[in-house]
J.: 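Mind looking over this structure? Questions follow.
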Amino acid sequence: MKIQIICQGSVNSGLGHLFRANTFAKEASKRHRIELIAMIDKGLENVFSYAEYPVFFVGSEQEIVQRVSIFKPDILCFDLLRLQDTTLKAIFNIPQIKVSLSPVFNQMESMDLMYTRSLKKADYDEVVVRNGLQYAIFSEHCRKIPDEIYESNLKLDELPVSISMGGTDASNKTLKVLKELSKLNIKMTVWAILGEGYHHSYNQLISVIKNKYHHEVILAKTNRSMWNIIGNTVLGIFAGGLTTVEALYAGLPSINLIEKNMQEDIIDGFVKEGYCFKGGYFDQDVLKEMTGKVLEVYEDRSQLVDIRKNLRDLISLNGSKVILDEIEEFCLHKSFREPIQLRGCV
């Protein structure tokens with residue numbers, strides 16, 4: 001079969017859709033003929049540097065229509081937030097089935113299948129919805145943090161903390177989080193993870209902490225090695241996107257500071273199940289609550305141990321394979337068996 005994947009990412013909207021689409025495409029390319037269409041800002045092409053399947057970079061939805069019309073996929077997958085009605089209409093009848101890998105998509109009601117890592121099931125009359133952590137797609141470079149390493153770091157006098165605010169961090173939340181953490185009069189080692197699209201001033205980050213002698217701050221611009229670095233920490237402060245899901249796999253407790261309504265249900269479900277700490281919408285009050293929680297776990301690290309226990313064997317790296325298996329079955333029969341229920345999934 002031929003599978004075509006349409007994704008979109010930018011400095012403002014982030015890179016999560018690109019990373020997820022890339023991971024899924026790599027798995028799908030093992031069995032099928034694959035083509036990926038990426039509508040991205042200039043300079044973000046390196047996200048797909050190691051792709052072993054055709055990638056077409058486009059600058060408009062008209063170019064999307066042209067590529068879909070040429071490739072004529074059996075299965076068309078969407079991993080983006082928005083697509084114009086006219087664009088969807090032009091390609092609507094080309095594939096056998098249409099699949100959304102994005103939990104939030106303005107054309108969702110026109111899909112045949114939808115997949116989401118959320119523990120809460122969405123309701124669309126004509127769309128088959130599959131939800132739960134068994135459908136989480138994230139980078140194969142994510143690594144579980146071994147018990148001996150985590151326990152060793154937990155015993156340190158200082159608190160090792162990681163910050164990752166996404167691949168682009170357009171509003172420079174990294175700087176704001178660092179400013180707030182610098183007010184804490186405790187010993188910390190802070191690993192600030194800067195993504196592919198981070199173009200703010202490093203000097204600003206350095207100036208925040210250069211006179212805070214009780215803190216050590218390490219700036220790291222990473223991609224493949226990201227979890228080798230985050231694995232040195234016992235608590236993550238994240239933006240509620242792909243890194244949060246990777247933390248569930250790695251076994252890292254996290255505080256998630258979100259900006260988008262679409263993330264709220266997902267994060268709230270994780271908090272309710274004891275998979276991460278409560279965060280909230282990114283503002284000054286929530287930043288103060290964040291520092292309060294950091295101080296709290298500095299003094300009582302058993303909270304970190306409890307969350308880490310909840311994360312043990314919760315999630316696997318097989319999300320792409322699970323989705324692909326179901327898509328193939330659905331394409332053949334227009335129906336499929338009820339999914340296997342994993343812990344934490346409804």
Side-chain angles (χ1 to χ4, degrees), residues 9-12 14-16 18-19 41 43-47 49 138-139 141-143 145 149-150 152-154 156-244 246-247 250 252-259 279 282 284 286-287 290-291 293-295 297-298 304:
S10 69
V11 170
N12 290 324
L15 308 183
L18 307 184
F19 289 128
D41 289 345
L44 298 180
E45 293 86 355
N46 56 350
V47 171
S49 295
F138 52 95
S139 173
H141 300 297
C142 184
R143 298 285 183 268
I145 304 174
I149 292 178
Y150 191 85
S152 176
N153 287 326
L154 204 60
L156 295 172
D157 289 339
E158 66 269 22
L159 186 71
V161 175
S162 49
I163 302 171
S164 177
M165 292 289 122
T168 58
D169 190 11
S171 57
N172 207 1
K173 291 188 287 185
T174 302
L175 177 63
K176 296 168 187 175
V177 170
L178 266 180
K179 282 183 177 179
E180 205 62 32
L181 289 178
S182 71
K183 299 174 184 178
L184 286 172
N185 191 27
I186 59 175
K187 290 198 295 183
M188 300 174 62
T189 301
V190 181
W191 299 77
I193 310 300
L194 310 176
E196 293 278 357
Y198 188 89
H199 297 302
H200 303 289
S201 169
Y202 281 36
N203 289 334
Q204 283 186 309
L205 299 176
I206 294 169
S207 67
V208 170
I209 45 84
K210 68 178 180 180
N211 294 322
K212 307 297 179 181
Y213 300 114
H214 47 284
H215 290 350
E216 290 185 348
V217 178
I218 303 160
L219 307 181
K221 191 161 189 176
T222 69
N223 186 351
R224 298 185 308 279
S225 63
M226 175 175 168
W227 277 97
N228 294 333
I229 294 171
I230 294 182
N232 294 306
T233 69
V234 298
L235 174 68
I237 300 172
F238 302 140
L242 195 60
T243 309
T244 298
E246 292 177 341
L252 183 69
S254 63
I255 302 170
N256 296 281
L257 310 176
I258 64 176
E259 279 192 341
F282 197 99
Q284 197 58 39
V286 167
L287 283 173
M290 173 205 71
T291 55
K293 175 54 72 175
V294 171
L295 180 59
V297 299
Y298 175 82
L304 299 171

J.: Kindly compute the distance separating CD (Glu216) from CE (Met188), expressed to the nearest 0.5 Å.
T.: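 If I round to the nearest 0.5 Å, the distance is 11.5 Å.
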
J.: Begin from the C-alpha positions of Arg143 and Ile230 and carry the test side chain to side chain contact (heavy atoms under 4.5 Å, CB included) through to its verdict.
T.: CA-CA 9 Å; Arg143 298 285 183 268; Ile230 294 182; over 6 Å; no

J.: Does NZ in Lys179 sit with more than 12 non-hydrogen atoms of other residues, nucleotides or ligands closer than 6.0 Å?
T.: no

J.: For side chain to side chain contact (heavy atoms under 4.5 Å, CB included), just list the numbers for Ser162 and Phe238, CA-CA rounded to whole Å, side-chain angles, deciding distance to a tenth of an Å, and then say yes or no.
T.: CA-CA 8 Å; Ser162 49; Phe238 302 140; 4.0 Å; yes

J.: Taking C-beta and beyond as the side chain, do Leu252 and Leu235 meet within less than 4.5 Å on heavy atoms?
T.: no

J.: Could you tell me if the side chain of Val161 sits less than 4.5 Å from the side chain of Trp191, heavy atoms only?
T.: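 Counting from C-beta outward, Trp191 and Val161 never come under 4.5 Å.
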
J.: Step by step, work out the side chain to side chain contact (heavy atoms under 4.5 Å, CB included) result for Tyr202 and Leu219.
T.: CA-CA 8 Å; Tyr202 281 36; Leu219 307 181; 4.3 Å; yes

J.: Is the backbone of Leu205 close enough, under 3.5 Å, to the side chain of His200 for a donor and an acceptor to pair up by distance?
T.: no

J.: Tell me whether Asp169 contacts the main-chain N or O of Thr174 through its side chain, where contact means a donor paired with an acceptor under 3.5 Å.
T.: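 Yes: the side chain of Asp169 pairs with the backbone of Thr174.
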
J.: How long is the gap from CD1 on Ile163 to CG on Leu194, to the nearest 0.5 Å?
T.: 9.5 Å

J.: With a 4.5 Å cut-off on side-chain heavy atoms, are Ile145 and Thr233 touching?
T.: no

J.: Say you draw a straight line from NZ of Lys176 to CE of Met165; how long is it, rounded to the nearest 0.5 Å?
T.: 11.0 Å

J.: Search all heavy atoms of Leu304 against all heavy atoms of Pro253 and return the closest pair with its distance.
T.: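 For Leu304 versus Pro253, the nearest heavy atoms are O-CG, 3.6 Å.
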
J.: Taking it one step at a time, do Ile218 and Val190 satisfy side chain to side chain contact (heavy atoms under 4.5 Å, CB included)?
T.: CA-CA 6 Å; Ile218 303 160; Val190 181; over 6 Å; no

J.: Taking all non-hydrogen atoms of both residues into account, name the closest pair between Ser10 and Leu44 and its distance.
T.: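 The pair with the smallest heavy-atom distance is CA-CD1, 3.9 Å.
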
J.: Is any side-chain heavy atom of Ile193 closer than 4.5 Å to a side-chain heavy atom of Lys221?
T.: no

J.: Quick check for you: to the nearest 0.5 Å, what is the distance between Leu287 atom CG and Lys183 atom NZ?
T.: 8.5 Å

J.: How about Thr243 and Trp227: do any of their side-chain heavy atoms sit closer than 4.5 Å?
T.: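 Yes - at least one pair of side-chain heavy atoms lies under 4.5 Å apart.
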
J.: Counting N and O atoms only, with roles assigned by atom type, does the side chain of Ser201 sit under 3.5 Å from a partner on the main chain of Gln204, one being a donor and the other an acceptor?
T.: yes

J.: With distance as the sole test, does Tyr150 use its side chain to make a donor-acceptor pair with the main-chain N or O of Val234 at under 3.5 Å?
T.: yes

J.: Over all heavy atoms of both residues, which pair between Asp157 and Tyr298 is shortest? Give the atoms and the distance, please.
T.: O-CE1, 3.4 Å

J.: Would you check if the side chain of Ser139 reaches a backbone N or O of His141 as a donor-acceptor pair within less than 3.5 Å?
T.: yes

J.: Does Asn153 use its side chain to pair, donor to acceptor, with the backbone of Asn232 at less than 3.5 Å?
T.: yes

J.: Quick one: does Met290's side chain get under 4.5 Å of Leu257's, heavy atoms only?
T.: yes

J.: Would you check if the side chain of His215 reaches a backbone N or O of Ile186 as a donor-acceptor pair within less than 3.5 Å?
T.: yes

